[in-house]
Amino acid sequence: MNAELWKNIEFAYPAFFWLLLLIPVMIWWFFSTGRKFQGSVQVSSLQGLKGLPVSWKIRFRPLLLVLRILAYAALVTALARPQTSNTSENIDSEGIDIVLSIDISGSMLAEDLRPNRMEAAKKTAMDFVDSRISDRIGLVIFSGESFTQCPITMDHGVLKQQIMQIRSGMLQDGTAIGMGLATAVDRLRSSKAKSKIIVLLTDGVNNTGLVDPLTALEIAKAYKVKVYTVGVGTIGKAPSPATMPDGSIQMQMVDVQIDEPMMRKIATETGGRYFRATDNTSLQNIYHEIDKLERTKVEITSYKRYQEYFFPLAMIALACILLEAVLRYTLFRRLP
């Protein structure tokens, strides 16, 4: 077993390692019993024996003890059952398909949210995507017309890239709430998911589009799509950039107009809720609230497989025992 493998080793019965405390007893027993079998000769002086060489058998006899200790340690480690585990998970999800429908009209550049409504909506949308790891999510954008920026997908990395690329001016200007809702419903029309959700975010009043909001509402109800509507903008007036005749950009205070009765009607009749975001914090809290309301049921079943490594240790112990026995009765044999 290499060093990298030992980093992942676990022991099924680590209590067996307490048996290693008997090794000092084995050492004491080896030397104490060895002295009993040594012969003794009484001489008047050791002066004449000082220069005699020590036999190699005497020098290497402790090798028997080393082999016995190695065999014992290997056997104890084998009893502790060294093993590695491989865990696999089976994830079973109910599945919720979600479409984010985001207004990208020019009024979304108003700066009552920081740095503006558009960027705040993009950031909170990406945070929402991160929190829905087991759901398929798509993206629809709308202003004077609507467009599917990203079909519903499990590839949340691609989806977040598409969210980051949203900017004002990608579509004809205006606020076609009905078109934004109808296109989002169309993305979910053939979905087999248990729950189909739309989060519709806008900061204005429907003023254009081929489909009016009430017609889009009936389509959503027909396909059993739940709609959460979010109105973005402060109460009163908000600073908004305006292009002057000379091409310069100046900030002007403009009225914030959101068709809240219509937004509330769409949400209520489809089983969703209407929210109003007047600042960054409230917008984040709205997405957190929707996240809590629409939780995906996920069941995770873990399977753990073990691979045993006691056999090599048992072979080492057996080899040490056999070698110790051979050496004891051949090279290191004691005479009676």
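Computed from a predicted model, the values in this text were never measured in an experiment. Worth knowing before you read on, the calculation uses all heavy atoms, side chains too, and leaves out hydrogens, waters and symmetry mates.
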Exercise for the section: Flag the pair Cys320 / Arg68 as yes when at least one side-chain heavy-atom distance between them is below 4.5 Å, and no otherwise. Expected result: no
Exercise for the section: Start with the C-alpha gap between Asp127 and Thr124, add the side-chain angles, then the distance that decides, and say whether side chain to side chain donor-acceptor pair (under 3.5 Å) holds. Expected result: CA-CA 5 Å; Asp127 291 341; Thr124 50; over 6 Å; no
Identify all side-chain donor-acceptor contacts of residues 228-235 below 3.5 Å with residues at least two apart in sequence or on another chain.
residue, atom, partner, partner atom, Å
Tyr228, OH, Glu294, OE2, 2.6
Thr229, OG1, Met263, O, 3.0

Exercise for the section: Check the side chains of Asp155 and Thr153 for a donor-acceptor pair under 3.5 angstrom, ignoring hydrogens and angles. Expected result: no
Completion exercise
Between the CD atom in Gln162 and the OG1 atom in Thr148, the distance rounded to the nearest 0.5 Å is 11.5 Å
Exercise for the section: Decide, yes or no, whether a salt bridge links Lys237 with Asp255 under the criterion of side-chain N to carboxylate O below 4.0 Å. Expected result: yes
Problem - Beyond-backbone contact of Leu139 with Leu159, side-chain heavy atoms, under 4.5 angstrom - result: yes
Problem - Residues, nucleotides or ligands: over 12 heavy atoms within 6.0 Å of Met164 CE - result: no
Practice task
Determine the minimum heavy-atom distance between Ala71 and Ile321, stating which atoms define it.
Solution key: CB-CG1, 3.6 Å
Exercise for the section: Say whether Val199 and Phe142 are linked into one hydrophobic cluster, either directly or through other cluster members, by side-chain heavy-atom distances under 4.5 angstrom. Expected result: no
Problem - Audit row: Met262, Val205, side-chain contact (heavy atoms from CB on, under 4.5 Å) steps and yes/no - result: CA-CA 9 Å; Met262 177 60 67; Val205 177; over 6 Å; no
Problem - Atom pair CG/CG of Asp203 and Asp259 - distance to nearest 0.5 Å - result: 12.5 Å
Practice task
Taking the side chain as every heavy atom from C-beta outward, state whether Ile249 and Met244 have any pair of such atoms under 4.5 Å apart.
Solution key: no
Exercise for the section: I would like to know whether Asp130 and Lys160 meet salt bridge (Lys or Arg N to Asp or Glu O under 4.0 Å); could you show each step before the answer? Expected result: CA-CA 9 Å; Asp130 286 336; Lys160 289 170 66 176; 2.9 Å; yes
Handout entry: Smallest separation among heavy atoms of Lys196 and Ser191, with atom names
Key = CD-CB, 3.8 Å
Fill in the blank from the handout: Here the gap from His156 atom NE2 to Arg136 atom CZ, rounded to the nearest 0.5 Å, amounts to 10.0 Å
Handout entry: Enclosure of Leu214 CG (heavy-atom neighbours >12, cutoff 6.0 Å)
Key = yes
Practice task
Specify the closest pair of heavy atoms between Met251 and Pro239, including all atoms of both residues, with the distance to one decimal.
Solution key: CE-C, 3.6 Å
Practice task
Answer with yes or no whether the side chains of Ser282 and Asp279 bring together a donor and an acceptor at under 3.5 Å.
Solution key: yes
Practice task
Decide whether Tyr309 and Gln83 meet the rule of one side-chain donor and one side-chain acceptor closer than 3.5 Å.
Solution key: no
Fill in the blank from the handout: Interatomic distance, OG1@Thr278 vs CZ@Arg276, rounded to 0.5 Å, equals 7.5 Å
Exercise for the section: For the pair Glu269 and Lys265, find out whether any cationic side-chain nitrogen is under 4.0 Å from an anionic carboxylate oxygen. Expected result: yes
Practice task
Spell out, yes or no, whether Leu293 and Ile286 are grouped together once hydrophobic residues are joined by side-chain heavy atoms under 4.5 Å, including indirect joins.
Solution key: yes
Practice task
Could you pull out the closest heavy-atom pair between Leu327 and Leu63, with the gap in Å?
Solution key: CD1-CD2, 4.1 Å
Exercise for the section: Side-chain contact test, heavy atoms from C-beta onward, threshold under 4.5 Å: evaluate it for Met108 versus Leu201 and give yes or no. Expected result: yes
Exercise for the section: For residues Leu79 and Arg81, determine if any side-chain heavy atom of one lies less than 4.5 Å from a side-chain heavy atom of the other. Expected result: no
Practice task
Decide yes or no for Ile152 and Ile137: does some side-chain heavy atom of the first lie under 4.5 Å from some side-chain heavy atom of the second?
Solution key: no
Completion exercise
Leu188 and Ile98 have their tightest heavy-atom pair at CD2-N, 4.5 Å
Practice task
Give every residue pair that meets the side chain to side chain donor-acceptor pair (under 3.5 Å) criterion with at least one member in residues 173-184, sequence neighbours excluded.
Solution key: Ser146-Thr183
Problem - Exam field: side chain Ser143 to backbone Gly174, donor-acceptor pair closer than 3.5 Å - result: no
Handout entry: Main-chain N/O of Asp112 paired to Arg117 side chain as donor or acceptor, under 3.5 Å
Key = no
Problem - Single-linkage hydrophobic cluster Leu64~Leu323, side-chain heavy atoms < 4.5 angstrom - result: yes
Practice task
Could you go through the side-chain contact (heavy atoms from CB on, under 4.5 Å) check for Val140 and Leu100 one step at a time?
Solution key: CA-CA 6 Å; Val140 168; Leu100 304 177; over 6 Å; no
Problem - Thr215 side-chain N/O to Val211 backbone N/O, donor-acceptor pair under 3.5 Å - result: no
Problem - Val185 vs Ile198 side-chain heavy atoms within contact, under 4.5 Å - result: yes
Practice task
Please name the pair of heavy atoms, one in Ile177 and one in Pro213, separated by the smallest distance, quoted to 0.1 Å.
Solution key: CB-CG, 4.4 Å
Practice task
Could you go through the side-chain contact (heavy atoms from CB on, under 4.5 Å) check for Glu324 and Arg328 one step at a time?
Solution key: CA-CA 6 Å; Glu324 193 256 354; Arg328 178 178 296 279; 2.6 Å; yes
Exercise for the section: With rounding to the nearest 0.5 Å, note down the distance linking CG in Asp103 to CG in Leu200. Expected result: 8.5 Å
Exercise for the section: For the residue pair Ile96 and Lys194, establish whether any side-chain heavy-atom pair is separated by less than 4.5 Å. Expected result: no
Fill in the blank from the handout: dist Ile104:CD1 -> Thr202:OG1 (nearest 0.5 Å) comes out at 11.5 Å
Problem - Expected output: side-chain Asn116 to main-chain Ala110 donor-acceptor under 3.5 Å - result: no
Exercise for the section: Quick one: do Arg273 and Glu289 satisfy side-chain contact (heavy atoms from CB on, under 4.5 Å)? Show the steps, please. Expected result: CA-CA 10 Å; Arg273 284 177 57 183; Glu289 182 67 19; 3.4 Å; yes
Problem - Tyr72-Phe11 co-clustered via ILVMFWY side chain contacts under 4.5 Å - result: yes
Problem - Common cluster, Leu21/Leu19, ILVMFWY with side-chain heavy-atom separation under 4.5 Å - result: no
Problem - Crowding at OH, Tyr223 (>12 non-hydrogen neighbours, <6.0 Å) - result: no
